[in-house]
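Here is the structure we will look at, set down as structure tokens.
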Amino acid sequence: MAQAPDVAAAWCRWDVTPKEAVAVQRQVAAAIERTDRFAALRTVAGVDVAYGVRGRGGIARAAAVLLDLTTLSVLAESVVQMPATFPYVPGLLTFREAPAAIAAIDGLPMRPDLLICDGQGIAHPRRCGVASHLGLALDLPSIGAAKSRLCGTHLDPPAEPGGWTPLLDGDEMIGACLRTRAATRPLFISIGHRVSLATAVALVLHCSKGRRLPEPTRLADRLSKHPKRPESR
DNA sequence: GCGACAG
DNA sequence: ATCTTGTCGC
């Protein structure tokens, strides 16, 4: 009855080869929860990663911004920097960004109640985008809010903010093509982990105060590219 | 074989 | 993602 020593959750392994990464994703996808399962949501964190510090490549700088979900005021920020090992491969983005992203989130003074990522959730070939993977790895409700499509088909959503059309992969709805702001390209919202699509859309709209990107992600994106105290040079 | 392809 | 100037529009 001796139990395996390295039962290290498959979804917490980042030092893998591209082929192993695909195997990990299949495990993660099976553990993702697509319905609402969370207590009170008081805070939300946005995370994003930027690369190539001062022209050089190979460095990942991740930023996490914690906001009050009601007022959307900033409560805390965290920035970390480390070498980027895994290359960018469509479908395997998580393995390139996760180490830095997790470090940035761990750097926040408290765990957020919800996580919004700059990328897909289950709107992924294997239903395992970065938002879903991070949500499971950190055991946090999460939402994927990508600026462009990875897979699936859709019709152009209504022009008014709040309008959306289903993102489909065959007959399966994997996300929503959402107009968060008039006259701008729509966002691709999808379930990350423990948050239904309907709730995800509502939360993203709540966080998108007249802007194309929801505040958590917008601020994290800005911070990762322009750190206040240059972690750059 | 020929495209498509989160960040 | 990143490399880059000016420019159109609210």
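All values below come from the heavy atoms of this structure, side chains included, with hydrogens, waters and symmetry mates left out. Order of the sequence lines sets the chain letters (A, B, ...), proteins ahead of strands, with each chain counted from 1.
The residue A:Gln120 sits close to a base: some heavy atom pair falls under 4.0 Å. Contact annotation for A:Ala183: no contact, since no heavy-atom pair falls under 4.0 Å across all strands. A:Leu187 comes within 4.0 angstrom of no nucleic acid atom, judged by non-hydrogen atoms across all strands. Using a 4.0 Å heavy-atom distance criterion, A:Gly144 is classed as making no nucleic acid contact. Here A:Val89 lies out of heavy-atom contact (under 4.0 Å) with every strand.
Residue A:Arg126 qualifies as enclosed at atom CZ: its count of foreign heavy atoms under 6.0 Å is above 12.
The separation between A:Arg212 atom CZ and C:dC10 atom C1' is 18 Å, rounded to whole Å. Taking atom CD1 on A:Ile59 and atom P on C:dT2, their separation rounds to 13 Å, with Å as the unit. Here C:dT2 presents its C1' atom at 12 Å from OH of A:Tyr51, a figure rounded to the nearest Å. To the nearest angstrom, P of B:dA6 lies 15 Å from CG of A:Asp48. Atoms CZ (A:Arg181) and P (C:dC10) sit 11 Å apart, rounded to a whole Å. Put simply, CD1 on A:Ile116 is 21 Å from P on B:dA6, counting in whole angstrom units. Look at CG on A:Leu167: it is 17 Å from P on B:dA4, rounded to the nearest Å. When rounded to the nearest whole Å, the span between CZ of A:Arg222 and P of C:dA1 equals 15 Å.
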message: The test is side chain to side chain contact (heavy atoms under 4.5 Å, CB included); show your working for A:Glu160 and A:Arg179 and say whether it passes.
response: CA-CA 7 Å; A:Glu160 330 82 65; A:Arg179 190 80 64 188; over 6 Å; no
CA sep, side-chain torsions, deciding dist, call: A:Glu172, A:Arg34, salt bridge (Lys or Arg N to Asp or Glu O under 4.0 Å)
CA-CA 13 Å; A:Glu172 180 184 6; A:Arg34 307 182 181 197; 3.2 Å; yes
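Looking only at atom types and distance, the side chain of A:Asp36 has a donor-acceptor partner in the side chain of A:Thr199 under 3.5 Å away.
B:dG7 has its base stacked against the ring of A:Tyr88, the centroids being under 5.5 angstrom apart at an interplanar angle below 30°.
For B:dG7, one of the phosphate oxygens OP1 or OP2 lies less than 4.0 angstrom from a side-chain nitrogen or oxygen of A:Ser148. A close approach under 4.0 Å does occur between a side-chain nitrogen or oxygen of A:Arg149 and OP1 or OP2 of B:dC5. Considering only side-chain N and O atoms, A:Lys147 lies nowhere under 4.0 angstrom from the phosphate OP1 or OP2 of B:dA6.
Other members of the cluster containing A:Ile174 are A:Leu167, A:Phe188, with ILVMFWY side chains joined at under 4.5 Å, either directly or via other members.
Side-chain proximity of A:Ala50 to B:dG7, B:dC5, C:dT2: nearest is C:dT2.
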